[in-house]
Every structure is written in structure tokens, then in C-alpha cells.
Amino acid sequence: QVQLVESGGGLAQAGGSLRLSCAASGRTSSNHGMGWFRQAPGKEREFVAAITWSGDSTWYVGSVKGRFTISRDNPKNTVYLQMNSLKPEDTAVYYCAAPAPGSSPLSLLIRGPRSVSSWGQGTQVTVSS
């Protein structure tokens, strides 16, 4: 089991930026893709972004393309989500997620929350207009 701990959430104004971090520990593996989901009040949890172990492939939900960037620092076992040009509709609890070992992080996009084997505790992001 992989343990995930997010940090970096908070309050931002529309047009501002925040960077989320996700530190992984436990049974991390060298082929572990990672991703981010978010859940706004009254809405289902949705996929935001994913990245392969090498970082050479990334995927994003359409609403954040061009504004959010996922990256990782493997020696630190940490994944980041840089969020720029924030909008009020980005307000949500953001969750770090790991797919089942050996599964492509693309499964996070295709199958959504069902493909996640480990979740972080979540970090609140609030964007004011």
C-alpha cells in the first residue's frame, strides 16, 4: 500500500496560482504513475491530471489544459500540481491518487476513481472571484 500526503492548498484569488504537493511513502515502485482528482461540493470526484513514472507522458481534463501542470521529483517521491490562472470553478478538495501497481496512469483518466488504489487525505483549494 502506498501512503499519500498532500499539501499546498489554500485560498487564492481568480487569476492567481497555487502549487500542490503529494509525498508518497510505503510500497512505492519504480513504475508507479500518479495523478490528481478533485471534488467540488455536491459534485462527483473528477480526474484532473496524471503523469507516468518517467514524466514523459501527462494527461489533463480539458477544463485545466494550458493552466495546470503536473510534474514529479522521483528522488523525493513527490508529485506536484502547479495551478495557474485559477478560476472560481477550480474550487474543490484536491486528492492525490495512485493507480494499482503495474497499471498505467492513463487508467486514472479512462476509468476515473475506480482505478485508484491509494488516495491522499485531500487538500482544500478555494478560489475567490
(message) I want to check something: taking the side chain as every heavy atom from C-beta on, are Trp36 and Cys22 in contact at a cut-off of under 4.5 Å?
(response) yes

(request) Quick one: closest heavy-atom pair of Pro99 and Ser117, and the distance? (result) O-OG, 3.0 Å

(message) Against Val125, only a single residue in Val93, Leu20, Leu11 fulfils side chain to side chain contact (heavy atoms under 4.5 Å, CB included); can you say which?
(response) Leu20

(request) Could you check if a side-chain atom of Glu46 sits within less than 4.5 angstrom of a side-chain atom of Arg38, using non-hydrogen atoms only? (result) yes

(request) Report yes if the side chains of Gln82 and Ser71 come closer than 4.5 Å at any heavy-atom pair, otherwise no. (result) no

(request) List the atom of Thr52, the atom of Arg72, and the distance in Å for their closest heavy-atom pair. (result) O-NH1, 3.0 Å

(request) Check whether any side-chain N or O of Tyr95 sits under 3.5 Å from a backbone N or O of Gln39 as a donor-acceptor pair, and report yes or no. (result) no

(request) Please round to the nearest 0.5 Å and tell me the distance separating atom OG of Ser129 and atom CG of Leu86. (result) 13.0 Å

(message) Grouping I, L, V, M, F, W and Y whenever their side-chain heavy atoms are under 4.5 Å apart, do Phe37 and Tyr60 come out in a common cluster?
(response) yes

(message) Could you tell me if Thr78 and Asp73 have a donor-acceptor pair between their side chains, going purely by distance under 3.5 Å?
(response) no

(request) Anything under 30° is parallel, anything over 60° is perpendicular, the rest tilted; go ahead and classify Phe68 against Tyr94. (result) tilted

(request) Indicate yes or no: at least one non-hydrogen side-chain atom of Gln124 is less than 4.5 angstrom from one of Thr126. (result) yes

(message) Nearest 0.5 Å, please: how far is CH2 in Trp59 from OG in Ser107?
(response) 9.0 Å

(message) Other residues, nucleotides and ligands only: do more than 12 of their heavy atoms fall within 6.0 Å of CD on Gln13?
(response) no

(message) Would you compute the distance between atom CZ of Arg67 and atom OG of Ser85 and round it to the nearest 0.5 angstrom?
(response) 7.0 Å

(request) Give a yes or no on whether the backbone of Val127 and the side-chain of Thr91 come within a donor-acceptor separation of less than 3.5 Å. (result) yes

(request) For residues Phe47 and Ile110, determine if any side-chain heavy atom of one lies less than 4.5 Å from a side-chain heavy atom of the other. (result) no

(message) Minimum heavy-atom separation for Ala98 and Leu4, please, with both atom names.
(response) N-CD1, 3.8 Å

(request) With rounding to the nearest 0.5 Å, note down the distance linking OG1 in Thr69 to CD1 in Ile51. (result) 10.0 Å

(request) Compare all side-chain heavy atoms of Trp119 with those of Cys96 and state whether any distance is below 4.5 angstrom. (result) no

(message) When you compare the side chain of Ile70 with that of Met34, does any pair of heavy atoms fall below 4.5 Å?
(response) no

(request) Could you grab the distance from atom CG of Leu18 to atom OG1 of Thr123, nearest 0.5 Å is fine? (result) 9.0 Å

(request) Give, for atom CG of Asp90 and atom OG of Ser63, the distance between the pair rounded to the nearest 0.5 Å. (result) 7.0 Å

(request) Report yes if some heavy atom in the side chain of Leu81 is under 4.5 Å from a heavy atom in the side chain of Arg19; otherwise report no. (result) no

(message) Could you check whether any side-chain N or O of Glu6 sits under 3.5 Å from a backbone N or O of Ser21, counting only pairs where one atom can act as donor and the other as acceptor?
(response) no

